[in-house]
Protein chains: 2
Amino acid sequence: MKDGPDIARIAALIGDPARANMLTALMSGKALTATELAREAGVTAQTASSHIGKLQAGGLVAEQRQGRHKYVSLANDDVGRVLEALMGVAAGAGHLRTRTGPRDDALRHARVCYNHLAGHRGTQMYDGLVAGGHLVGETLSESGEALVRELGVDLEALRKGRAPLCRDCLDWSERRAHLAGSLGRALLTRFEALGWAACDPNSRAVRFSDKGAAAFDSLFAR
Amino acid sequence: MKDGPDIARIAALIGDPARANMLTALMSGKALTATELAREAGVTAQTASSHIGKLQAGGLVAEQRQGRHKYVSLANDDVGRVLEALMGVAAGAGHLRTRTGPRDDALRHARVCYNHLAGHRGTQMYDGLVAGGHLVGETLSESGEALVRELGVDLEALRKGRAPLCRDCLDWSERRAHLAGSLGRALLTRFEALGWAACDPNSRAVRFSDKGAAAFDSLFAR
DNA sequence: CAGATGCTTCGACTAAGGTCGAAGTATGAA
DNA sequence: TTCATACTTCGACCTTAGTCGAAGCATCTG
């Protein structure tokens with residue numbers, strides 16, 4: 001009866017509070033140094049080093065060395081997905097009603113999920129793309145290509161990359177799919193460049209400008 | 001920077017091998033007794049009892065007592081989602097290439113995900129529903145209602161239930177969304193009743209009959 | 001070349017928790 | 001009632017792993 005891949009190893013890695021804090025911090029999409037992660041996790045540098053080593057060995061994070069700094073980021077979309085899914089359970093079945101503050105509301109409305117847009121705005125975009133016939137399964141239709149080009153996305157460059165263009169990712173607050181993949185990442189970048197949205201440097205929240213919200217609503221009717 | 005719900009508690013629960021085996025076994029959708037779970041996990045009854053208690057306290061499983069038996073099942077869709085997502089990471093970043101056998105192929109093609117259809121057949125159905133305009137966001141269109149009624153699903157009964165009708169669930173093998181929710185569950189039940197598909201009693205695999213495969217393909221063109 | 005900063009390794013301590021034997025409680029069967 | 005089965009509780013054992021101090025490299029700065 002025991003079928004499918006071995007999940008205990010991965011879950012145990014995420015199951016330590018210090019490591020979970022690190023991973024949650026990395027969900028902002030930013031690459032953080034080992035010392036920054038230590039501070040996030042509330043442990044000393046030695047302990048953090050050990051944790052980061054385990055996360056790396058487990059394939060959950062990737063490193064990028066720059067001089068004497070070690071920048072750490074999530075390894076791929078899959079990891080982000082797992083973390084989102086876990087947050088869903090933790091928020092729901094979790095500790096008898098997590099009291100939801102204003103900060104929580106901002107996260108539910110729009111946030112960064114590793115490298116793409118999540119929350120209400122994320123699913124709004126996904127649903128809009130699908131309803132408009134721009135996104136069919138995991139491929140972009142002709143109208144979809146036109147739409148994202150219009151927004152200033154360099155599709156050719158994305159197609160050259162090894163990462164898949166469109167992927168689903170499950171939203172913990174909306175419990176619906178939103179768009180991940182290299183296109184999801186590129187779109188969030190464009191929204192920032194266009195001044196439609198800005199990432200809060202201290203959290204995963206994404207704040208939409210009035211202009212951005214209006215443009216967004218007209219593009220992806222809700 | 002540490003935002004979002006507390007995921008470590010949940011992940012730690014799944015992180016123990018014995019408990020992970022139990023949860024994986026429960027992904028077949030069947031409710032299992034404590035002794036059966038003990039056997040699945042390869043531990044004694046006492047140990048299993050302790051584990052089940054923790055899973056219950058954590059909100060991951062629900063119990064249903066029947067005489068001297070304690071039937072345990074996954075608490076809800078969210079839990080199934082997390083397990084699927086974890087399998088995705090474990091299969092990918094996981095232990096340097098999990099060798100994929102014939103049994104694995106069957107799982108990838110069609111399997112039970114807690115209570116609904118997953119694998120290639122699962123995403124085929126989801127994509128077919130969306131492409132046909134039957135499913136828009138998380139609501140069923142008029143044509144969608146007609147379609148599922150045609151298949152013999154009692155929509156009124158489902159709507160009376162507290163569980164949401166349509167939900168997304170992320171597929172670990174396809175890395176795409178498939179249909180969960182009470183409708184997802186009902187459809188799988190109907191496919192079995194119609195003789196289109198049968199659940200392997202010893203695994204999560206779902207085997208389609210020739211008739212079923214043909215009907216399925218014509219309904220949800222691929 | 002110092003001196004400072006960022007990261008890693010080593011070793012020892014400690015706490016947490018998984019494990020099972022033994023015994024206890026509930027339910028069902030004869 | 002008596003016995004068997006299913007599950008739970010208790011207690012003891014022991015492995016695992018998270019933690020930090022101390023020291024060691026590596027890299028950048030002055």
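Labels below follow one simple rule: chain letters A, B, ... track the order of the sequence lines, proteins then strands, and each chain is numbered from 1. Computed from a prediction, not measured in an experiment: that's the story for all the values here.
Between the NE2 atom of B/His69 and the P atom of D/dA4 there is a distance of 17 Å, rounded to whole Å. In this structure, A/Arg65 places its CZ atom 11 Å from C1' of D/dC25, rounding to the nearest Å. For the pair A/Met22 CE and D/dG18 C1', the interatomic distance rounds to 12 Å; values are reported in whole Å. One can place OH of B/Tyr71 at 11 Å from C1' of D/dA6, the figure rounded to the nearest angstrom. Regarding B/Ile52, its CD1 atom lies at a distance of 15 Å from the C1' atom of D/dT9, rounded to whole Å. B/Arg39 places its CZ atom 16 Å from the P atom of D/dT5, with the value rounded to the nearest Å. Between the C1' atom of C/dT8 and the CD atom of A/Gln56 lies a distance of 12 Å, rounded to the nearest Å.
With sequence neighbours left out, the side-chain hydrogen bond (donor to acceptor under 3.5 Å, both in side chains) criterion links B/Arg19 to B/His51. Applying the ring pair (Phe, Tyr, Trp, His ring centres under 6.0 Å) rule to B/Phe208 yields the partners B/Phe216; only residues at least two apart in sequence or on another chain are considered. In this structure, the side-chain hydrogen bond (donor to acceptor under 3.5 Å, both in side chains) partners of A/Tyr126, at least two apart in sequence or on a different chain, are A/Asp168.
At D/dT8, one or more side-chain N or O atoms of B/Lys70 fall inside 4.0 Å of OP1 or OP2 (strictly under the cut-off).
Counting non-hydrogen atoms under 4.0 angstrom, A/Ala45 reaches a base of the nucleic acid.
Listed by first and then second residue, the salt bridge (charged side-chain N to carboxylate O under 4.0 Å, His left out) pairs that reach into residues 52-63 of chain A are A/Glu63-A/Arg65, A/Glu63-A/Lys70, sequence neighbours excluded. For residues 186-202 of chain B, there are no salt bridge (charged side-chain N to carboxylate O under 4.0 Å, His left out) pairs, not counting sequence neighbours.
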- How does each nucleotide of nucleotides 17-30 of chain C score, in 5' to 3' order, for protein heavy atoms under 4.0 Å: base (B), sugar-phosphate only (S), or none (-)? -SSBBB----BS--

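Between A/Arg81 and A/Asp78 a salt bridge is recorded (basic side-chain N to carboxylate O distance below 4.0 Å).
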